[in-house]
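The block underneath contains the structure these notes are about, expressed in structure tokens.
Every chain is numbered from 1, with letters handed out A, B, ... down the list of sequences.
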2 protein chains.
Amino acid sequence: MYPEEEFPPASATDHAPSAMPSVVTPSPMVAEAPAPETSAVKSVARIMSVAYELFSRRGVRDVGVNELIERSGVAKATFYRHFPSKDSLVLAFLEQRDKQWTVDAIVSEARRRGETPTEQLLAIFDVFGDWFLREDFEACSFINVLLEMGPAHPLGQASIDYLARIRGHVQALAEEAGLRRPEEFARSWHILMKGSIISATEGDMHAAKRAQQMAGWLIEHHRN
Amino acid sequence: MYPEEEFPPASATDHAPSAMPSVVTPSPMVAEAPAPETSAVKSVARIMSVAYELFSRRGVRDVGVNELIERSGVAKATFYRHFPSKDSLVLAFLEQRDKQWTVDAIVSEARRRGETPTEQLLAIFDVFGDWFLREDFEACSFINVLLEMGPAHPLGQASIDYLARIRGHVQALAEEAGLRRPEEFARSWHILMKGSIISATEGDMHAAKRAQQMAGWLIEHHRN
DNA sequence: ACAGGGGGAAAGACCGGTCTGTCTTCCCCC
DNA sequence: GGGGGAAGACAGACCGGTCTTTCCCCCTGT
């Protein structure tokens, strides 16, 4: 099962499309059971929780609004009061995914596992290795949405933006490690990340190890 | 524009799901204009031609049967006489894509460009570089379908099979080059291919060059 | 050689289901 | 009593798939 813990209420990120409904969450707490609790913000949290679960597992096109509202025990009117359209919910989901998956699950975890910036970079593929082994492994939502909707669609564009953010994290680590041409480094590194994710989707359980090996050579090549 | 030249009528490949309708094409020739020509096989060829165009550009889920039959100037009953379902047409499309794109456009072209097996391997990314520059670049249909339908769906499974075939071509070249552990080599190589395709979809025009550089290190590492 | 018949194909109505999105009704709770 | 939420009907479009009607081409029988 995936975290499904509390998630901070948007907090208006500087960059990236922010389609989160303008709702001020005073105390972030989520009811995962369909118990008919009171209060207003609960609805948004429940919808977001269900959307995260379904969208990340099955993609955004396969999950309809009717299923979303049914699974979150919310009325359709309530859904459309908080989200003007399904696409805006998808946008909010992508933002959530960036916080919960990219930052918390991958980058922070990799930084925690390694001591030096170089170790932290390589630890990304250790985290990937664990992630690939999960039985509920569901690939990268940004790649999924990008390929599902195409790079011209707003949702595809948003996915490209969030993928660029991932590259930004890698570039930051590369700069901390004092590597040469960190932007180029991050682009090459990102090829390894995305390629290993696709290979893992095909069923290659050792894709992370293979990518990590090539990542090591890439680091060597960018040492000054 | 894509080839859209004549394509040999199925010829019943040994491996892979063959959902091509059981039709014996005497002389393969395709009429691309919606001129009301005679004969029966024309219908299948027209449907396949339109399906190749639309599926490869927009994915299989975004293209409906109604649009397919309208664009190919064929009656709905005719479509369903030759293809029992939309999925079977998608299967036929994937088989066509393997012949036309994987084999003819990528592998054969790479073998033509390089002299030694090693050069031919690296030439794959030269071909990719040209491919990424096309304004109608539409990513890899096998990856698209795999992510669109999921690895459990029959179409996803078929895509995995065709991706394995691509890896087989790489492995064959690795064996010709006398590299160590060619199967492992091909899996790592494939990570670079797939990762660069995603990066190109994001807009990185130099993704092929980056992948080629890492591919060179991979070859070095597998030299005996 | 010509009439007749059979079958494939075109056109499109139709079916049940799903999609996103709107609107109404009722009810509960502050 | 008023507002928000639950429930759900509804609209309009589209989905994959079936079936009917009409037509025309070609094959066959005499």
Exercise for review: Please tell me which of B:Glu67 and A:Ile69 maps to the more 5' nucleotide of DNA chain D, matching each residue to the nucleotide holding its nearest heavy atom.
Suggested key: A:Ile69

Review point. What nucleotide among C:dA9, D:dA6, C:dC19 has an atom nearest to a side-chain atom of A:Asn66?
Key: C:dC19

Check your understanding: Between B:Lys209 and B:Asp126, is there a donor-acceptor pair closer than 3.5 Å when you use the side chain of the first and the backbone of the second?
Key -> no

**Study point:** Nucleotide C:dA9, atom P - distance to CZ of B:Arg46 in whole Å
**Key:** 12 Å

Review point. Are any of B:Arg81's side-chain N or O atoms less than 4.0 Å away from OP1 or OP2 of C:dA9?
Key: yes

Check your understanding: Has the side chain of A:Ser49 got a donor or acceptor atom that lies under 3.5 Å from a matching backbone atom of A:Ala45?
Key -> no

Revision key, fill the gap. Residue pair B:Ala75/A:Ser85 against DNA chain C: nearer the 5' end by closest nucleotide is B:Ala75

Review point. Should C:dG8 form a Watson-Crick or G-U wobble pair with both distances under 3.5 Å, which nucleotide is its partner?
Key: D:dC23

Check your understanding: Rounded to the Å, how far apart are A:Arg58 CZ and C:dC19 C1'?
Key -> 14 Å

Review point. Can you tell me if B:Arg97 and B:Tyr162 form a side-chain donor-acceptor pair at under 3.5 Å?
Key: no

Exercise for review: From the options C:dT22, C:dC23, D:dC19, select the nucleotide whose nearest atom is closest to the side chain of B:Ala77.
Suggested key: D:dC19

**Study point:** Listed nucleotide nearest any side-chain atom of B:Tyr80, set D:dG16, C:dT20, D:dG5
**Key:** D:dG16

Study note, to complete from the structure: Looking only at D:dG17, D:dG5, D:dA6, the nucleotide nearest the A:His82 side chain is D:dG5

**Study point:** Polar pair under 3.5 Å, donor/acceptor by atom type, side chain A:Lys76, base C:dG21
**Key:** yes

Review point. What integer distance in Å separates B:Ile47:CD1 from C:dA10:C1'?
Key: 12 Å

Exercise for review: Provide, to the nearest angstrom, the distance between the NZ atom belonging to B:Lys86 and the P atom belonging to D:dT18.
Suggested key: 15 Å

Check your understanding: Is the B:Phe125 ring parallel, tilted or perpendicular to the B:Phe128 ring (thresholds 30°, 60°)?
Key -> perpendicular

Check your understanding: Rounded to the Å, how far apart are B:Phe79 CZ and C:dG8 P?
Key -> 18 Å

